[in-house]
Every structure is written in structure tokens, then in C-alpha cells.
**Student:** 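Mind having a look at this structure? Questions to follow.
Numbered from 1 within each chain, the chains take letters A, B, ... in sequence-line order. As a basis for the values below, the full set of heavy atoms in this structure was taken, side chains included, without hydrogen atoms, waters or symmetry mates.
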Number of protein chains: 2
Amino acid sequence: MARWQPHASERLVVAALELFEERGYENTTVIQIAERAGLTKSTFFRHFPDKREVLFGGGAVSGLLVEGIDAAPAGAGPLEAVAHALEVIGAEVFTSDRREFGARRSAAIAANPELREREALKGLRVTASMTDALKRRGVPDLAARVAAELGALAWKIAYERWTDAANGDTFGELARRTLAEVRAAGAVC
Amino acid sequence: MARWQPHASERLVVAALELFEERGYENTTVIQIAERAGLTKSTFFRHFPDKREVLFGGGAVSGLLVEGIDAAPAGAGPLEAVAHALEVIGAEVFTSDRREFGARRSAAIAANPELREREALKGLRVTASMTDALKRRGVPDLAARVAAELGALAWKIAYERWTDAANGDTFGELARRTLAEVRAAGAVC
DNA sequence: AAGCGTGATGGGACTTGGTCTCATCACCGT
DNA sequence: ACGGTGATGAGACCAAGTCCCATCACGCTT
């Protein structure tokens, strides 16, 4: 038998999300989260650098986006490369079994300014990563920044649609469609 | 003679910026900021809701952007309205006498993750305000979001250029030029 | 079988951000 | 002269986050 109960950080994430839903982020203490997960404050901060990060830990996303852009066919334009990356994310991270969790997580984040702030920072990082990846493909600086920004916007909207979706649309499909709409809207401005 | 030294919050801002430059944000205590301004911790938190906000207080920007968009000529497209708003900001807030302060402030923010995080949140709020203002002009939702995002990007780049500027370019001029470049880059994607 | 290094955990002291409440005290109008 | 006002000071208090040390079961070595 294992010495400790396994999946400590997953347990912390679940406990945190439950408590945030029950009593709100700011009325929840790190100690309470740790206790619900059968752990202590020390252990919490060993798994997450701060209280907010417990809802943002699975940060493989940024790396996958970069890989997705790098792996896009050489002839693809900047926005096509971004579309390719979004489909990678959809296949690897935003799988249908995580849809409900994603929706609960989004609701918790939307309900609290501190969590929205952290989400905004993550958004900046993702955009910066995409910009760099596009520049490595030879896309000129400004075009790369614009494409990354539009990609991030499409991602945000697609994520909203995915978590709300009553039908079984894949994140990848939604993202592709949304990016096309964003592109069309951009052409009109 | 005045009962208290005037301009308490300005003094706090100056003291904070100096200390952040001298020893870094995280090695600076709210008590130290207050002492340098000849005040106390209590008074600091009476003027600013938290330590980060001392560099983000003059938040009239968001409101001015909305006014600028509202005041744009009725025939102007979304990006023209945004351009109009950016020039309002340039005339009212980013005046040439605040250029040096802006540069120092930007450097301090860039040097610290917590401050970058707060800046990211402010960016979200500004984008949301612009989106709403554009929608009030009858711009359809998605186009409004795209235009606001491109406007925010142009603003960010123009601000960088303005604080770096060796020549005497006005923020308004820089913003107009930058927005045109962003638009052109968007058309290529 | 006994011993030892390892790694995740527990425990608790400590600093700082942030909140709250009460006291102070110079100005101002009556 | 007097009381209201408004910005400030003082200090208790809680929670986030850091640090250091102890614990203890597992597996490997001897």
C-alpha cells in the first residue's frame, strides 16, 4: 500500500474548486482546502506557488500551443498555424471528459477578481508564446502579434462556447469555426 | 497653513516608484512607502486598495476611452472610432510632461510579475470597455471584440514607442500610425 | 536482518499584505 | 467658544506565503 494517498495535487484542485463553489474564493482558506484534501498548508504550497494557481496548474497549454504552431505545415499562413495549434489543444487538453470541469472552473474564475487577474496574466503569456512561435516561422513582428492576439481572442470565445455547448461539439471544431468568424470580422474593421 | 501636507496620494506614488526602482517591488514594504511619503500604513490603504494599485491609480483612462469612442463621428468605422479614442487619451492623459514618469513606471511594472499581472487585468478591463462602447455604436458583437482587441494592441505598442521615443512624437500621432500598421498587418493574416 | 538515503509530508515560527476599529486633532461654520 | 468634519495615526487581528526542521515509510545496500 502506498505510503501516502496518491494524486495529492489533483485532490487539492478538486477540494479548492468545491470550496470556491460552496463559499467563494475569498471566504476559503488555504488551510481549509488542504484539510479537505487530507493534507496541510505546507503541502499545499509545495504543490502550488500560491492560492490562485490551484485553478491554473495544468499549464501545459502554452507549450502545446507552441508545438502546434511549430508543427503547422510550412506553407500555412499565421492564422492557419494558429488554427492548427488550437486543434492540438482541443485534442490533447480540452477533451470532452474535461468539459464539465472546465465549465465549473470558468465559473469560479469569473466570480472572483483575483482569479480573473491571474487568468489575464496567463492570457498574456500565451499570447507572447504564440507570437514568438510565429516569428520563428518567419512571420514579421507586427503580423505575428496581431495573429497571436486574434488567436487568443478566438480561443477565449471558443472556450466559452465549448463549456456552454449543449451539443457535443469538439473544442477543435468550435475553435476552427470561431477563428474563421474572427478573421471575417477583422476584415470588416 | 494646511493641516496636512497636500497631495498625499501623489506623494505615495512617487515614494513607491522610487523605492521600487531602488530595491525592487518585492523588497519594498508598504510601511516603507508610507514612511517615505511622511504617512502611515493606514493612510496608504486609505488611498489605494492594495500595494500594486499605487502604480495604476490614475484610472481615468478607461472612462476617457469610452468617451472618445462615443464622441467619434457617426460615420466612422470601429477602428476609426478607436483611433479617435486613442487621440483623446493622448491629449488628456499621455501628455509630453508625463512621458518620463510613464517610462519609469513601465520599467518598474516590467520588472515584477505581480505588477505585470495587475497590468494584464487593467488591459482586460479596457478592452471590455471599448467593446461595450463599440457595441453601443451598433457594431456587431464579434467585430466589436476584434476592433477592441486590435485597438488595445495598438495602444500597447504605441505606448512602448512613446516612452522610448527620442523624438518629440505625440502619443496621439504614434497611436494613429501604429493603429494603421496593425490594421495593415491584420489584413495580411 | 539491519541500516541508510530518499522524498513527500507535518508542524510551527515568522514576515507582510490587508482589514477594522477607535482615537486624535486642526480647520470651519455657527 | 463650541461642536461637526475629514484626513490621519495607532494597533489588534487574520490570512497568504516563506523557511526550517522533524517525521516516517519505502527501497536499496551491506
**Student:** Using atom CD of B:E10 as one end and atom P of D:dA7 as the other, report the distance to the nearest whole Å.
**Tutor:** 14 Å
**Student:** Could you tell me how far apart B:E35 (CD) and D:dT8 (P) are, to the nearest whole angstrom?
**Tutor:** 16 Å
**Student:** Of the candidate nucleotides C:dG10, C:dA8, C:dT19, which contains the atom at the shortest distance from the side chain of A:W4?
**Tutor:** C:dA8
**Student:** Judged by each residue's nearest nucleotide on DNA chain C, which is more toward the 5′ side, A:T40 or B:E26?
**Tutor:** A:T40
**Student:** Can you say whether a donor on the side chain of A:R46 sits under 3.5 Å from an acceptor on the base of C:dG7, or the other way round?
**Tutor:** no
**Student:** Which whole-number value in Å describes the distance from A:E53 CD to D:dA16 P?
**Tutor:** 16 Å
**Student:** Between A:E53 and A:K122, does at least one N-O distance fall below 4.0 Å, as a salt bridge requires?
**Tutor:** yes
**Student:** Below 3.5 Å, does any donor atom in the side chain of A:K41 face an acceptor in the base of C:dG10, or the other way round?
**Tutor:** no
**Student:** Measure from NZ or CZ of B:K51 to the centre of the six-membered ring of B:Y25, then state whether that distance is under 6.0 Å and the direction lies within 45° of the axis.
**Tutor:** yes
**Student:** Establish, for the pair A:R105 and A:F56, whether the NZ or CZ atom is under 6.0 angstrom from the six-membered ring centre and no further than 45 degrees off its axis.
**Tutor:** yes
**Student:** Let me know the distance between CZ of B:R23 and C1' of C:dT16, rounded to the nearest Å.
**Tutor:** 14 Å
**Student:** Does the distance from a Lys or Arg side-chain N to an Asp or Glu carboxylate O, for A:D70 and A:R137, drop under 4.0 Å?
**Tutor:** no
**Student:** Between atom NZ in A:K51 and atom P in C:dG17, what is the gap in whole Å?
**Tutor:** 17 Å
**Student:** Using atom CG of A:L12 as one end and atom C1' of C:dA8 as the other, report the distance to the nearest whole Å.
**Tutor:** 13 Å
**Student:** Just the rounded figure in Å: distance from P of C:dT16 to CZ of B:F44.
**Tutor:** 15 Å
**Student:** Base, sugar-phosphate or nothing for B:I31? Non-hydrogen atoms, less than 4.0 Å.
**Tutor:** nothing
**Student:** Of all the nucleotides listed (C:dT16, C:dT9, D:dA15), which has the minimum atom distance to the side chain of A:T29?
**Tutor:** D:dA15
**Student:** What is the distance, rounded to the nearest whole Å, between atom CG of B:L19 and atom P of C:dT16?
**Tutor:** 14 Å
**Student:** Can you tell whether the side chains of A:D169 and A:R161 come within less than 4.0 Å, N to carboxylate O?
**Tutor:** no
**Student:** Reading DNA chain D from 5' onward, which residue's closest nucleotide shows up sooner: B:L39 or A:P49?
**Tutor:** B:L39
**Student:** Which part of the nucleic acid does B:S9 contact within heavy-atom distance under 4.0 Å: base, sugar-phosphate only, or nothing?
**Tutor:** nothing
**Student:** Within the 4.0 Å heavy-atom criterion, would you say B:S42 contacts the bases, only the backbone, or no part of the nucleic acid?
**Tutor:** base
**Student:** Looking at C:dA8, I'd like to know if its phosphate oxygens (OP1 or OP2) sit under 4.0 Å from a side-chain N or O belonging to A:H47.
**Tutor:** no
